[in-house]
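As structure tokens, the structure follows; a few thoughts come after it.
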Amino acid sequence: MPLTAQPHDLPARTAAAVVLLKEASPQTLDAFLQLSALFEATTLDPYARETVILTVATRNQCHLCVDMHEAKLAALDPAAAPSAERLDAVRRFTLQVLAASGAVSDADFDTFLAHGYTRQNALEVVLGIGTYTLSAFANRLVGAA
């Protein structure tokens, strides 16, 4: 069943996606909501979290996720924004983790750490990848992406 809300109406699109997923698999919706809450509680700053999410959503072509998280990113306090280099480091690391199925090279891992991230942050990126891969795939399967 395709999503029927208008492309520009993000709240309606989001609500419709939730309804579609809840009807198709309430367990999948519950799992996503729990994982999302865990990811939001990580030590990654909000900008880094949104960068991970947008990287995964863009790679997985989940247009709803991209639209939703671009809006979330735009609403964050610009005064709290990390440097563009730091955000690019988390974006590149996310893509490297995806490309290598987690087996990133020592050099790539060291580059990530050199931008002020930690080993814990690296595992939090993995949590974000899993969470938002679930979301993107589920949205696509129910016609909400």
Name all residues meeting the salt bridge (Lys or Arg N to Asp or Glu O under 4.0 Å) criterion together with [X]; count only those two or more places apart in sequence or in a different chain, and write none if there are none.
X      : result
Arg140 : none
Lys22  : none
Glu70  : none

Exercise for review: Kindly write out the residues that satisfy ring pair (Phe, Tyr, Trp, His ring centres under 6.0 Å) with His69, not counting sequence neighbours, or none if the list is empty.
Suggested key: Tyr132
Practice item. If a pair satisfies salt bridge (Lys or Arg N to Asp or Glu O under 4.0 Å) and one of its residues is in residues 46-66, list it, with sequence neighbours excluded. Key: Glu40-Arg49, Glu50-Lys72
Not counting sequence neighbours, which residues clear side chain to side chain contact (heavy atoms under 4.5 Å, CB included) with [X]? List them please.
X      : answer
Gln120 : Thr43, Thr118, Glu124
Asp30  : Gln34
Thr58  : Val66
Ser101 : none

Point to revise | Atom pair OG (Ser135) and CG (Leu35), whose distance is rounded to the nearest 0.5 Å | key: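 The CG atom of Leu35 is 10.5 Å from OG of Ser135, to the nearest 0.5 Å.
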**Study point:** Between OG on residue Ser36 and CD1 on residue Ile53, distance to nearest 0.5 Å
**Key:** 6.5 Å
Exercise for review: Establish, yes or no, whether the cationic atom of Arg119 lies under 6.0 Å from the six-membered ring centre of Phe109 and within 45° of the ring axis.
Suggested key: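 Relative to the ring axis of Phe109, which defines the angle, Arg119 lies outside at least one limit.
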For residues 90-97, please give each side-chain donor-acceptor pair under 3.5 Å, one per line with the distance, not counting sequence neighbours.
| residue | atom | partner | partner atom | Å |
| --- | --- | --- | --- | --- |
| Arg91 | NE | Asp88 | OD1 | 2.9 |
| Arg91 | NH2 | Asp88 | OD1 | 2.7 |
| Arg92 | NE | Asp88 | OD2 | 2.8 |
| Thr94 | OG1 | Val90 | O | 2.7 |
| Gln96 | NE2 | Asp108 | OD1 | 3.4 |

Exercise for review: Go through the structure and list residues passing side-chain hydrogen bond (donor to acceptor under 3.5 Å, both in side chains) with Thr42, not counting sequence neighbours.
Suggested key: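 Residues passing side-chain hydrogen bond (donor to acceptor under 3.5 Å, both in side chains) with Thr42: none at all.
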**Study point:** Distance-minimising heavy-atom pair for Tyr117 and Ala89
**Key:** CE1-CB, 4.2 Å
Review point. Just wondering, are more than 12 heavy atoms of other shown residues or ligands nearer than 6.0 Å to CG in Asp106?
Key: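 Check fails, neighbour count at 12 or below.
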